[in-house]
S.K.: 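One structure is given below, represented as structure tokens, and several questions about it will come after.
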Amino acid sequence: MLAINLIREKKDFIIERLRVKNFDASETIEKILALDTSRREIQVKTDSLQAEMNRISKEIGTLMKAGNKEEAEVARQKTFALKEEIKILSEKIGPIDNDLKTEIVRLPNLPHESVPAGHGADDNEIVRSGGVLPVVTDTALPHWDLIKKYDIIDFELGIKLTGAGFPVYKGKGAKLQRALITFFLDQGEKAGYDEVYPPIMVNEDSGFGTGQLPDKEGQMYHATLDNFYLVPTAEVPVTNIYRDVILSADQLPIKNIAYTPCFRREAGSWGAHVRGLNRLHQFDKVEIVRIAHPDHSYESLDEMVSHVEGLIVSLGLPYRILRLCGGDMSFTSALTYDFEVWSAAQKRWLEVSSVSNFESFQANRLKCRFKDKGDKQTTLVHTLNGSALALPRIVAAILENNQTEEGIRVPKVLVPYTGFEIIN
RNA sequence: GGAGAAAUGGCGGAGUGGUCGAUCGCGGCGGUCUUGAAAACCGUUGUCCGCGUAAGCGGACCGGGGGUUCGAAUCCCUCUUUCUCCGCCA
């Protein structure tokens, strides 16, 4: 959510920046400014009437104490008209506030100045790439065949238990999941992240805080009986830890890491490129979250990018890092780097991480602020997060890239966690 | 799920209709004293909105929402949460 002050003061700047995201903000902003003006007008009036009301009420109290009943009654008579006027005005302000919020919440975050213009994936900018593309034979199998061959992930069984997109991991497949999760968490801890294990269902306020609600309601599973949402990412519960919190500057940056299952409805998005592990309704992910000082949030972003890059390198996967263009980035983000790894048999890049700085956009929804020593005012923090990493596509790439005639070689760094070197 | 009790500022804990944004203690911050520190003493200490260049002024907030009243932390309704007892349970 953009700050109302910014909208008041830099309307043209906002409209121009949001063009990069292919969003025409002019109409919404005009509505916002009109609502804001009338809200303030009404507030000025009600505040002064209320001040008068408070003054008279105190006077009545004093008169009553002095036993001056007649004068108290005269004063009391004066309040009736005032009270009515206040009531009429204040009944106007509620709906205006609601409309104002509805409109403000529709504005996406402003893209950072380094964000390239563009409409889709083709316009993303390749920042750098690393690793060596593996040479595989023509007989190389895609992961959906490999998992059957070695009986490590069972989609049909998942369909029986739940439905499509909820696979069952078996034997070495299950153990590989556990190994990756623990490896990622351990690497995060080494990099100074504090681990949390949050609830994987959240309430409406949390969904709003990080920007999933109200607009992306259909993307989350919704337990309607209790009005809870299954988390689409650990970003939601972990960032919301800091909802309605005022931090002191010396606590920043806060660095959290969390493993959670993630749930995504992905309604309508099943098609050609989503076979096997490429897109699931339930998957595992380790997420890093940072709460940063506004002056240092881009340093934080760079550190997070390096951390994620280190993980991919240590797994020996070829990768590239993209700076997303305006049209491909999320509603809430100011700058996003996507990480893609090469999947040998599918012969395509798979997105395995997305690292973003949200600047104060989420913080303003969350009301997460900080105060420096001696500061009178609070300031919004910057929030950031990134996958470190999402498992299924990493597993797909490991399976496809590392397949040999003897079986699938487990990356060296994972062997202490899996206890085996080969899946066969 | 049933019965009862409770929810006050960073924490503890007063306050049952009138000058209470809220006594007091702890903590925090600033100062005096000290070579330094501690102790002691003095002062200070929340958030949001609006008006104002500013100093400042006004409004709102005592779990959330609504109501009664000239006036609500205090009374009423409702929701949520916590605690105790009973039931169920990994």
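Model, not experiment: these values are computed from the prediction. Note on naming: letters A, B, ... go to the chains in the order of the sequence lines (proteins, then strands), and numbering restarts at 1 for each one.
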S.K.: Please report the distance, rounded to the nearest Å, between CZ in Arg76(A) and P in G18(B).
M.R.: 17 Å
S.K.: To the nearest angstrom, how far is Asp226(A) atom CG from C79(B) atom P?
M.R.: 16 Å
S.K.: Side chain of Asp47(A), base of G59(B): donor and acceptor closer than 3.5 Å?
M.R.: no
S.K.: Mind listing the closest non-hydrogen atom pair of Glu351(A) and Glu340(A) along with its distance?
M.R.: CA-CG, 4.0 Å
S.K.: Hey, what's the ring geometry for Phe331(A) with Phe361(A), parallel, tilted or perpendicular (30° and 60° as the breaks)?
M.R.: perpendicular
S.K.: Roughly how many Å apart are C42(B) and C33(B), using the P atom of each and rounding to a whole number?
M.R.: 16 Å
S.K.: Work out how far the P atom of G18(B) is from that of C76(B), and round it to whole angstrom.
M.R.: 16 Å
S.K.: In whole Å, what is the span from the CD1 atom of Ile86(A) to the C1' atom of A60(B)?
M.R.: 13 Å
S.K.: Pick the C1' atom in U23(B) and in U16(B), then give their distance to the nearest Å.
M.R.: 16 Å
S.K.: Given that Ile60(A) and Asp36(A) both sit by RNA chain B, which one's nearest nucleotide is further toward the 5' end?
M.R.: Asp36(A)
S.K.: I need the CG-P distance between Asn5(A) and C48(B), as an integer number of Å.
M.R.: 12 Å
S.K.: Could you tell me whether the phosphate oxygens of G59(B), OP1 or OP2, come under 4.0 Å of any side-chain nitrogen or oxygen in Lys45(A)?
M.R.: no
S.K.: NA contact type, Ile246(A), heavy-atom cut-off 4.0 Å: base, sugar-phosphate, or nothing?
M.R.: sugar-phosphate
S.K.: Quick one: on RNA chain B, does Thr46(A) or Met53(A) contact a more 5' nucleotide (nearest heavy atom)?
M.R.: Thr46(A)
S.K.: Please give the distance between the P atoms of A5(B) and G56(B) as a whole number of Å.
M.R.: 48 Å
S.K.: Please pick, from C51(B), U47(B), U19(B), the nucleotide with the shortest atom-to-atom distance to any side-chain atom of Lys58(A).
M.R.: U19(B)
S.K.: Distance between the P atoms of G71(B) and C51(B), in whole angstroms?
M.R.: 27 Å
S.K.: So if I take every side-chain heavy atom of Arg40(A) and compare against U69(B), G18(B), C51(B), which nucleotide ends up nearest?
M.R.: C51(B)
S.K.: State the OG-CG distance between Ser360(A) and Leu110(A), to the nearest 0.5 angstrom.
M.R.: 8.5 Å
S.K.: Counting only heavy atoms not in Lys45(A), do more than 12 fall under 6.0 Å of its NZ?
M.R.: no
S.K.: Are Tyr298(A) and Asp302(A) close enough that some pair of their side-chain heavy atoms sits under 4.5 Å apart?
M.R.: no
S.K.: Over all strands shown, is Thr79(A) touching base, sugar-phosphate only, or nothing at heavy-atom distances under 4.0 angstrom?
M.R.: sugar-phosphate
S.K.: For Thr378(A), answer base if it contacts any base atom (sugar-phosphate contacts may also be present), sugar-phosphate if it contacts only those atoms, and nothing otherwise; contact means non-hydrogen atoms under 4.0 Å.
M.R.: sugar-phosphate
S.K.: Give a yes/no answer on whether the side chain of Asn54(A) brings an N or O atom under 4.0 Å of OP1 or OP2 in A60(B).
M.R.: yes
S.K.: With a 4.5 Å heavy-atom cut-off, do Lys172(A) and Thr418(A) have their side chains touching?
M.R.: no
S.K.: Establish, with yes or no, whether the OP1 or OP2 oxygen of C48(B) is under 4.0 angstrom from a side-chain nitrogen or oxygen of Arg369(A).
M.R.: yes
S.K.: If I pick the C1' atom on G4(B) and the same atom on A90(B), what distance separates them, to the nearest angstrom?
M.R.: 28 Å
S.K.: Could you tell me the separation between the NZ atom of Lys371(A) and the CD atom of Gln377(A), rounded to the nearest 0.5 Å?
M.R.: 9.5 Å
S.K.: Could you tell me which nucleotide pairs with G87(B) by Watson-Crick or G-U wobble geometry, both distances under 3.5 Å, or answer none if nothing does?
M.R.: none
S.K.: Work out how far the C1' atom of U74(B) is from that of G63(B), and round it to whole angstrom.
M.R.: 16 Å
S.K.: Tell me the partner of A40(B), counting only Watson-Crick (N1-N3 plus N6-O4 or O6-N4) or G-U wobble (N1-O2 and O6-N3) with both under 3.5 Å; none if nothing fits.
M.R.: U32(B)
S.K.: Considering only the C1' atoms, how many Å lie between G46(B) and G21(B), rounded to the nearest integer?
M.R.: 9 Å
S.K.: Calculate the interatomic distance between Glu91(A) atom CD and G65(B) atom P; express it in whole Å.
M.R.: 17 Å
S.K.: Nearest whole Å is fine: how far is G64(B) P from Asn203(A) CG?
M.R.: 16 Å
S.K.: Measure the distance from CG on Asn68(A) to C1' on C70(B) and round it to the nearest whole Å.
M.R.: 15 Å
S.K.: Does a nitrogen or oxygen in the side chain of Gln50(A) sit under 4.0 Å from OP1 or OP2 of A60(B)?
M.R.: yes
S.K.: Without decimals, in angstroms, what is the distance between Phe80(A) CZ and G71(B) P?
M.R.: 9 Å
